[in-house]
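What follows is one structure encoded as structure tokens, with my remarks underneath.
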Amino acid sequence: MKRFLKISLATTCLIGLLIGYVIYYFFFSMGNLPKGELVKILDSPDKSYTINLYLVNGGATTDFSIRGELINNKSASSKNIYWAYHESRSELSWVNDHTVIINGHELNVKKDKYDWRRN
């Protein structure tokens with residue numbers, strides 16, 4: 001009986017972790033955002049980084065969104081650092097080599113991200 005309880009508990013925990021991961025991946029991860037239409041590109045002052053802003057049209061049931069993708073020009077890697085819902089404007093300016101302002105949100109590209117679902 002104890003073995004059955006241990007197996008049941010382990011299975012329940014494993015299923016719970018799997019469901020939690022799926023919810024995180026599809027609803028909260030910035031790595032799984034829709035592509036969108038490229039609307040603006042701007043290099044950092046020292047050309048180390050490039051920000052690409054995309055306008056994402058959610059269709060008839062959702063509003064426009066803006067996705068900001070940071071490209072590290074030295075390593076050729078990219079990551080999403082900006083995701084805002086109910087936005088269709090794309091204002092972008094660099095403060096210095098590592099700080100950018102996207103639609104009024106100031107981000108240090110080395111460590112910051114803006115995600116409307118969390119802020």
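Owing to the predicted nature of the structure, the values given are computational and were not obtained by experimental measurement. Just so it is clear, the values below take in all heavy atoms, side chains as well, and ignore hydrogens, waters and symmetry mates.
A salt bridge is defined here as a Lys NZ or Arg NE, NH1 or NH2 lying under 4.0 Å from an Asp or Glu carboxylate O, and Asp115 with Arg117 meets this definition.
The 12-atom threshold is not exceeded at OH of Tyr21, counting heavy atoms of other residues, nucleotides or ligands nearer than 6.0 Å.
Between Glu37 and Tyr54, the side chains place no donor N or O within less than 3.5 Å of an acceptor N or O (distance only, hydrogens not considered). Side-chain atoms of Asn73 and Ser48 include no donor-acceptor pair closer than 3.5 Å. Side-chain polar atoms of Asn108 and His98 form no donor-acceptor pair below 3.5 angstrom.
For the atom pair Lys110 NZ and Thr99 OG1, the distance stands at 9.5 Å (nearest 0.5 Å). Taking OG of Ser88 as the reference point, atom CG of Leu55 lies at 6.5 Å (rounded to 0.5 Å). In this structure, Ser75 OG and Asn72 CG are separated by 3.5 Å, a value rounded to the nearest 0.5 Å. Distance CG/Leu70 to CD1/Ile102: 8.5 Å, rounded to 0.5 Å. Taking OG of Ser44 as the reference point, atom CG of Asp97 lies at 6.0 Å (rounded to 0.5 Å). Separating the OH atom in Tyr114 from the CG atom in Leu107 is a distance of 10.0 Å, to the nearest 0.5 Å.
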Worked verdict on Trp94 versus Asp43 for side-chain contact (heavy atoms from CB on, under 4.5 Å):
CA-CA 8 Å; Trp94 286 92; Asp43 291 325; 5.6 Å; no
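In the hydrophobic clustering of this structure, Tyr49 does not group with Leu38; members are Ile, Leu, Val, Met, Phe, Trp, Tyr whose side-chain heavy atoms approach within less than 4.5 Å, directly or through other members. Linking ILVMFWY residues whenever their side-chain heavy atoms come closer than 4.5 Å, directly or via other members, places Ile15 and Val22 in the same cluster.
Between Phe64 and Val56 the shortest side-chain heavy-atom distance does not fall below 4.5 Å.
Arg67 places a side-chain N or O within 3.5 Å of a backbone atom of Lys35 that can act as its donor or acceptor partner.
Nearest approach of Glu87 to Asn103, heavy atoms of both residues: OE1-ND2, 2.6 Å. Pairing each heavy atom of Ser90 with each of Ile66, the nearest pair is CB-CD1, 4.4 Å. The shortest non-hydrogen separation linking Ser78 to Ile71 is CB-CG1, 4.0 Å.
Tyr82 has its ring centre less than 6.0 Å from the ring centre of His105.
Here the options are Ile81, Ile41, Asn52, Thr50, the test is side-chain contact (heavy atoms from CB on, under 4.5 Å), and the partner is Glu69; only Asn52 passes.
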